Every structure is written in C-alpha cells, then in structure tokens.
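To start, the structure under review is shown below, and the notes come after it.
Source: prediction; values computed, not measured.
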Number of protein chains: 2
Amino acid sequence: MVTIYDIAKACGCSSATVSKALNNYPDVNIKTKEKIKKKAKELGFVPNLQARALSTKRTWNIGVLFEDKSNSGLTHYYFSQVLQAVKEQAEEKGYDITFISKNLGGVDMSYLEHCNRRNIDGVVIACIDFKDNQVQELMASKIPVVVIDYDSEFVSAIMSDNVRGLYELTSYLIALGHRDIVYAYGHEVYVTEERIRGFKKALDEAGIPFTEDMLVKSRYSEKQANIDAVEEILKREKLPTAVLFPDDYAAIWGINAFRNHGVKIPEDISVAGFDGVEIGEMIFPRLTTIKQNTVRLGKEASLKCIQLLESKSKDNTKITVGIELIPGGTAMPPKTQM
Amino acid sequence: MVTIYDIAKACGCSSATVSKALNNYPDVNIKTKEKIKKKAKELGFVPNLQARALSTKRTWNIGVLFEDKSNSGLTHYYFSQVLQAVKEQAEEKGYDITFISKNLGGVDMSYLEHCNRRNIDGVVIACIDFKDNQVQELMASKIPVVVIDYDSEFVSAIMSDNVRGLYELTSYLIALGHRDIVYAYGHEVYVTEERIRGFKKALDEAGIPFTEDMLVKSRYSEKQANIDAVEEILKREKLPTAVLFPDDYAAIWGINAFRNHGVKIPEDISVAGFDGVEIGEMIFPRLTTIKQNTVRLGKEASLKCIQLLESKSKDNTKITVGIELIPGGTAMPPKTQM
DNA sequence: CTGAAAGCGCTAACAG
DNA sequence: CTGTTAGCGCTTTCAG
C-alpha cells in the first residue's frame, strides 16, 4: 500500500503538501501540484478512506434502512427500484451505500448504533413500520435523515402523491361505471391512511356513499393475505364489480385467486393494483394500476440526504412526487346486469 | 461521541485496558472487565470502526460487484435474490456490504480502486461479463474474491449446475415428445456455454441430431431481444414444437410475443424458462423452468468469502449448487400432426 | 507556497 | 493483570 508519505519522499516534499495537492487546495504551487499528482498516479496511490474519515469525520457513506414486513429485502418488486435509484444517485455524488440492519453479527444492535459504528454521513429510510421504536430513535438522532413515504414533523420526506393515486384510480373506475368498489388495503400505516383518504374522496365526489364493506383489510406484498382477502370477498351475497389491491404484486395473486374460483377478470370483476412495476405488464391482460415514480423518489431522497449532510443540518422539507394512472385490461366497464 | 479514553478516565484505568476489556481479551481481570463493560454501556459507547480499521486492517466490509448487461442492478429478478442471500449471510457474520462500482462520484475509478479505497476485506462477484478487464484485474488482485457462476483457475467459485439444468429441462421436453426444440440462448458467456453443453447432451442421449437451427441467439433479461428471437423463429417454414428461453423473464416476454402473433402456448408451442423466480408463477399457466437455488448460491458465496478473508488467502475451490426442474403448464406434449 | 506537529479513535507490542 | 507508547494514513492548523 502506498501512502502520501511515499509520495512525499519521492517528490522531496512533506506529506502535508501532498495531501493539499491531491485534494486540490489552492495554496500549493501549480508545478509541485502537478508533480505530486503525476507521482501519485505513477506509484498507484489510492487514498485510504478510513484514515481520511478519522480526521475529517466524513465517511462518504449513506445508510439505507429498508425493512418491510414481508421481509423481501432487495427482492421487493417496488422497493428494489427505489433503492436502485437511491444508490445510483448516491454513487453519482461519490457516496457509497451501507445497509443498516439490526442484529449485525448475531449481536443485537439498534439501527442507530449500526449507523454510529460506521459513522455514516446520513440515512435514507424506506420502510413500512415507521412506528418502530428503533426507527423513531434514528429519526430523532443527530444523523441527517430522509424518509420515503412517511410524514413526520422532524425529518425530511419524499413522498408519492398517495392520496391522488387512489383518488385517480378510483375515479377512473367510477368513470367506467363502477359503484360497488372494494379497496383491499395494506398494512395500517401512513401510506395506507393516505390512500384510503384518496379512495373516499373519489367516492365522495361521485356521490357514492361510503360504506364499511368497501374496505377489506389485506397486506402489502403478501400473497396469502390477498388470496384470503379474495376469499372473504367471494363469500358475500352481492359481489363488488371492482376490487383494488394494495399493490401490483397483491393484485396479481388476487386475480389468480379470483380465476381459481371461476371468476373472470375483467368480465366479472375489474381489478387494479398500485405501484406500476413491470410484473403488471407481464400478465394478460395488462394490469390497471397507478405508477409511482420510483426513480424520482429514490433520486430525490439521495439528493436531499446529501444536501442535509453537507450542510450538517436536519429539516423537515417535504417533496411530493407525482403518480400516473396506467389503464390496463383488468379494469373494464361493469356488466350491465339491470 | 464517547471514546475509550472517556471510559478509561471514568474507570481510572488506561485506554489499553479498556480496549482489551471491550474486545474480550483474556489477560484482563474479570472484575475490571465487568466494570469497564458496564461503564461503556452506561456512557453509550459505540466503537468507531474507521479507527479500528486503521489499526487492524480489517473493515468488516465485503464488496459486492454486480453488473449485468441489461443494467437492472438491484431490480434484477434473479440476482436480487442472490444478493439478498449474500447480504443476509454476511450480516449474520458481522459484515456489511458495499457495492463496488466504476465511476464513483463522476470520477472514473476501477473496481479494484474502489475496493482499495474502502479497504474492503473481500469481494463477491456476480456479473455477466467476467471477461471485462476490470473484473479480471480485481480477480487477479490480492483481495480475496469469490465469483458466482464463473469458472476460473484463480478464484473460488460458487456455481449452479448449469449443464445439468439445461440437460434436465431438455430431457423433460424430449420425454414429453418434443424433437424440434429451439434454445434461444443468452449472452455468450461461460454460463451460456455450459447450458448449451447440457442442451446438446440431452439431444445426444435421446438420439436427436443437433442442428445449428436449434440455437437462436438472444439475451438474458432483455425484453426486446427475446421478442426479436420469437419473430425470427416465426419466420421459419417449419416451426419448432418447443422453445427454451435464456431465463424466466425472457420466457415471459417470449410467450407474450408468441401470443401476440396468434401462437398458442402451450398448444402450438411449448415454452420453458430458467431461474425459477416468482414471476414464473404469476403468469398463467405456470412457467416450466429450472429453479436455481439462489439462497444457497448467495450464502455459500458469502461464507466462502469470509473464510478466505479470515485466513487471508485465496484459492480456487469450486462449489456446485444443485438445480431443480419445475414443470409448468407452458410445456405440454406436442400436437401429434402426423 | 511549504512543512512541522498534533490529532482523529483504536490496537498492539512490550515493559513492568 | 495493567499501562506506556508507538503507530495506522490522512488532514489541519499555524509558523515560517
């Protein structure tokens, strides 16, 4: 391993000058600077980030906290896209990503402790359960934090326009002629509340009275929970003409469950998802859904996090990212059975 | 931030003793050890890994190099599963993951340089293009390296039994009665060569003469390339009765392409994929495929990497992980048209 | 413009 | 069993 001392020796100057030259400080003779840089390249010098971090208190590392209840981790159809965007944007700015987890190495350790051990410069949080004590602890810490799809007084947040998402989707179905719509909603978290709000708003505007049976409890990203939801719905005397699922993944299994019971989609029941991930395009007919802008969500989160950590501050800026309705073949006008 | 000096002061001992106590060295009085540990917890001490790394030359960080030609990154249906397993296993052993990339922060930087900057302890490589100079450079470096699905004299490798995968899949189709089988193969890399070998072996054993038109060039994980492959096949005078695609993702778009041309799957043509990821279950009928054991691949890679880095060595152990045939509704006996 | 020196937080001989 | 000391590699005053 070649250090700045090796370069200093080779150039006949001090390590301080080498450091300054390599970091492009202005107060170093242009000639010596060039000489040092040349020599550094020649010797194959690679700066040691640990050493640098020790003296600068900057690791150029951004923590990413992502845990979902279904435990899909990196394989999550929706979040993997967001994470990819977070990562790409961070890398573009020179930061590496470190996943924050509990129980590292069998020792259990809080998220905050993990962050502090690694001295990450900031954290992006995208998880389902923001009520988790450890997540709260992290948000309340001195570390710059950006959350995705959560609303808090204390941290910066990037969010999808969830209210509008469900509002547009529901309005679209209503426009198709549906009135008996069921929303199989996901885990009871902030995002879900927002979506339910959008759902009700659309009904309200269309003059359709909201009744409790329009809401069925389900779960995000969980196959069985959605199959169960379908079975519950099928027990009803009067079936709805449209069912909205928590996400695209859920919708696909929901559709399959309906079909296994002989219910035709979209002929008998219209179905829609949420997220707009590629699996919605793989099935036939294409899934009607709301596309979330995962790339923007991720990039904005990274950028905001970097902005915060570079100014060593925290704030509670909110950035809302738009959504887009994607009509597909799974939602059609209801059969006129009158 | 509380340091070992703070603890030392509070306990009336030296920092050296604190360090030893906290690291469970045997040569420290059990009483003082307990006192120190208690005090450390009390003060909320969190060790600084950068500082430790600087003196121990161990960062407890494993690099993960993953680049595929389709640039899907973390959103790759197959690799995200492998990565998740690598990550989980690494974390269980106390290691964090760092993604290795080129062009960090706009500056272009080789994979090796990225590794050296971060002083990662070892690397797991799972990429398509092992011929890449930078990948080769990394494999040839002093850093312990484990590759997934590649064969090299110089590094340890974990691989799926690709030969057997295509052998079993092809044999299965032959057993169903197919003789006119086309393999739309992916990028021309090691894994592909292996699979083609398995394909030919199966034909050979069944006494079916191999002809060049049984092979069609396609690409892994790329929608358009596989649609193109389908279109090329459809131009033929005599259609095959079965088509094998590079992976499940490819197979799904292949099936859709066939259907868009009025070709019924599996009635007119049988189709199979490779990988065994969940999307194969989402479509109807379920995709016939070969399931790769992504969890084992990932875990073994992590474990091997850790074993190497802990012994500060490199070797060229090969571990082969089995595959499993998953019959699905996309492959049926061919229509008897005689 | 250059360099000496101290320090970031921790570990690792080596004495005692 | 405990403490002194010298680094690990880099940055950062502060003199010169």
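Between the side chains of Q84(A) and K87(A), no donor-acceptor pair of N or O atoms lies under 3.5 Å.
Per the geometry, CG belonging to N24(B) stands 14 Å off P belonging to dC1(D), to the nearest Å. Computed from coordinates, the L49(A) CG to dG9(D) P distance equals 14 Å when rounded to whole Å. Between the C1' atom of dC1(D) and the CD atom of E34(B) lies a distance of 15 Å, rounded to the nearest Å. In this structure, CD1 of I4(B) is placed 5 Å from P of dC10(C), rounded to the nearest angstrom. Between the CG atom of N119(A) and the P atom of dC10(D) there is a distance of 18 Å, rounded to whole Å. Put simply, OH on Y25(B) is 16 Å from P on dC1(D), counting in whole angstrom units. A straight line from CG of L22(A) to P of dT11(D) spans 8 Å, rounded to a whole angstrom. Atom CZ of R52(A) and atom C1' of dT12(D) are 13 Å apart (whole Å).
A donor-acceptor contact shorter than 3.5 Å is absent between the side chain of K20(A) and the backbone of K33(A). For the pair T59(B) (side chain) and N119(B) (backbone), a donor-acceptor distance under 3.5 Å is present.
When Q136(B), E67(B), M139(B) are each tested for a side chain to side chain contact (heavy atoms under 4.5 Å, CB included) with Y111(B), only one passes: E67(B).
For E34(A) and K37(A), the salt-bridge test fails: no basic side-chain N is under 4.0 Å from an acidic carboxylate O.
Of the two residues near DNA chain C, Y5(A) and P26(A), the one whose nearest nucleotide lies more 5' is P26(A).
An OP1 or OP2 oxygen of dC8(C) is reached within less than 4.0 angstrom by no side-chain nitrogen or oxygen of N48(B). An OP1 or OP2 oxygen of dG9(D) is reached within less than 4.0 angstrom by a side-chain nitrogen or oxygen of K57(B). The phosphate of dT2(C) (OP1 or OP2) has a side-chain N or O of T32(A) nearer than 4.0 angstrom.
Taking the side chain as every heavy atom from C-beta outward, L54(B) and N48(A) approach each other to under 4.5 Å.
The side chain of S55(B) has dG7(D) as its nearest neighbour among dG3(D), dG7(D), dG3(C). Considering only the side chain of T3(B), dG9(C) comes nearest among dG9(C), dT11(D), dG9(D). Which of dT11(C), dC10(D), dG3(D) sits closest to the side chain of F45(A) comes down to dC10(D). Of the listed nucleotides (dT11(C), dG9(D), dC10(C)), dG9(D) has the atom at the smallest distance from the side chain of L54(A). Nearest to the side chain of T17(B), among dT2(D), dC1(C), dC10(D), sits dT2(D).
F130(B) and Y150(B) have parallel rings, their planes meeting at less than 30° on a 0 to 90° scale where 60° marks the start of perpendicular.
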N/O contacts under 3.5 Å, protein versus nucleotides 13-16 of chain D?
none

